[in-house]
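Here the structure is a predicted model, which is why all the values come from computation and not from measurement.
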Amino acid sequence: MNSEGEVEAEYFSKDFEWEELRSEIESNPSLRHHFQSFSSSSSSSSSSSSSSQSPQSDVQAWKQFHTRHSTGKFFKERRYLLKEFPELLSSSPSNSNPKLLEVGCGNGSTILPILRANKDIVVYACDCSDETLEKAKEIITANAVDSFKHRFYTFCCDVSTNGFPNWLACNTCRDQFLQKQSCCLSDFKEDNGLHLRESCSSDEFDRCVGGVDFITLIFTLSAVPLERMPKSIKECFTVLKPGGMVLFRDYAKRVGFREYMRSDGTRSYFFCLNTVRNLFLGAGFIELELDYCCVKSVNRKKGKSMRRVWVHGKFQKPALQ
């Protein structure tokens, strides 16, 4: 039971081993289609449409996706992330208000449990859709205590094409990462206390928050075209403080054609460990944790179970010597 009197659900991340599942599928003729590539026609069609779709089309597809699922409980709070990433619960005398950047925040299902659990953390959340950010603010506000308003800020950004704004980490911070007190002020512009907008100040430090301590990439990178993933990871590297961490979770591997475009135009990429490792190490990160997360989901009403596999990772920006 937590501090608010709610019964905490049990969480498991190793209900089975990936290699055991793989062996079972390979030995069962009726399941082998899971390890086959898409048909040549569907692979060609998906690959062609995926590569030809513009960044603007990607953004529009996700806007429409969130509009379709704006009501009900399509997304549930991701409370399990607090078990996977306990770093988000901590603060220290030297860093009493850690800063978190949530990339691709959607409707706020990752942010809300973090804000509840850590009363000191400050969250900056971005998404490529203004409409989605408005929905996130509605959900956070509806569930918020007064302190949330001053610890939660949103901004519209497609990191895979435009990168992060300078107020998040100014050019001096990105180049040298001097101490915030020496070069940066937290005088950024706000919209109703929740939405950040770039100002027209001639001094970039007037709106710099000095970088962030944590970045969460939760089912976000898989929505980015493969060729734009390295830029996205490098952008995360540049706005992290030295010693900061990226906390990663996304869809795990599908053998065959791994990049897939759904009929609604949204993308999904199925990662293997080596792909994730190469992306982050190529950007300069240190690998702390990287493994498959294997969970068995049970639908008691239908009497069915499903084994699902994700990639779990923690990567750190090297600390200054």
(request) Could you tell me the separation between the CG atom of Leu133 and the CD1 atom of Ile140, rounded to the nearest 0.5 Å? (result) 11.5 Å
(request) Check the side chains of Ser129 and Asp127 for a donor-acceptor pair under 3.5 angstrom, ignoring hydrogens and angles. (result) no
(message) Between Ser109 and Glu77, do the side chains contain a donor N or O and an acceptor N or O under 3.5 Å apart?
(response) no
(request) Specify the closest pair of heavy atoms between Leu82 and Leu89, including all atoms of both residues, with the distance to one decimal. (result) CD2-CD2, 3.9 Å
(request) Enter the distance from Leu115:CG to Thr110:OG1 here, rounded to the nearest 0.5 Å. (result) 11.0 Å
(request) Rounded to the nearest 0.5 Å, what's the gap from CD1 on Ile111 to CG on Leu100? Could you check? (result) 7.5 Å
(message) Please determine whether side chain to side chain donor-acceptor pair (under 3.5 Å) holds for the pair Asn171 and Arg174, giving the CA-CA distance in whole Å, both sets of side-chain angles, and the decisive distance to 0.1 Å.
(response) CA-CA 5 Å; Asn171 290 336; Arg174 296 181 189 218; 4.8 Å; no
(message) Using the ring centroid of each side chain, check whether Tyr124 and Phe155 are separated by less than 6.0 Å.
(response) no
(request) Answer yes if the side chains of Asp120 and Ser96 hold a donor-acceptor pair under 3.5 Å, and no otherwise. (result) no
(message) Whether the side chain of Thr161 engages the backbone of Asp158 through a donor-acceptor N/O pair (distance < 3.5 Å, no angle test) should be reported.
(response) yes
(message) Please find the pair of heavy atoms, one from Tyr292 and one from Cys272, that lie closest to each other, and give the distance.
(response) OH-CA, 3.6 Å
(message) I need the Asn162 CG to Cys156 SG distance, nearest 0.5 Å.
(response) 9.5 Å
(request) Considering non-hydrogen atoms only, spot the tightest contact between Thr220 and Gly104 and give its length. (result) OG1-O, 3.6 Å
(message) Ignoring hydrogens, what is the shortest heavy-atom contact between Pro318 and Ile286? Give both atom names and the distance.
(response) CG-CD1, 3.9 Å
(message) To the closest 0.5 Å, what do you measure between CD1 (Ile215) and CZ (Phe164)?
(response) 5.5 Å
(message) Do the side chains of Lys99 and Asp213 get close enough for a salt bridge, i.e. N-O under 4.0 angstrom?
(response) no
(message) Among residues at least two apart in sequence or on other chains, which ones pass side-chain contact (heavy atoms from CB on, under 4.5 Å) with Lys234?
(response) Phe237, Ala283
(message) For the CD1 atom of Ile218 and the SG atom of Cys105, what is their distance to the nearest 0.5 Å?
(response) 12.5 Å
(request) May I ask you to check whether Phe85 and Phe214 place their ring centers less than 6.0 Å from one another? (result) no
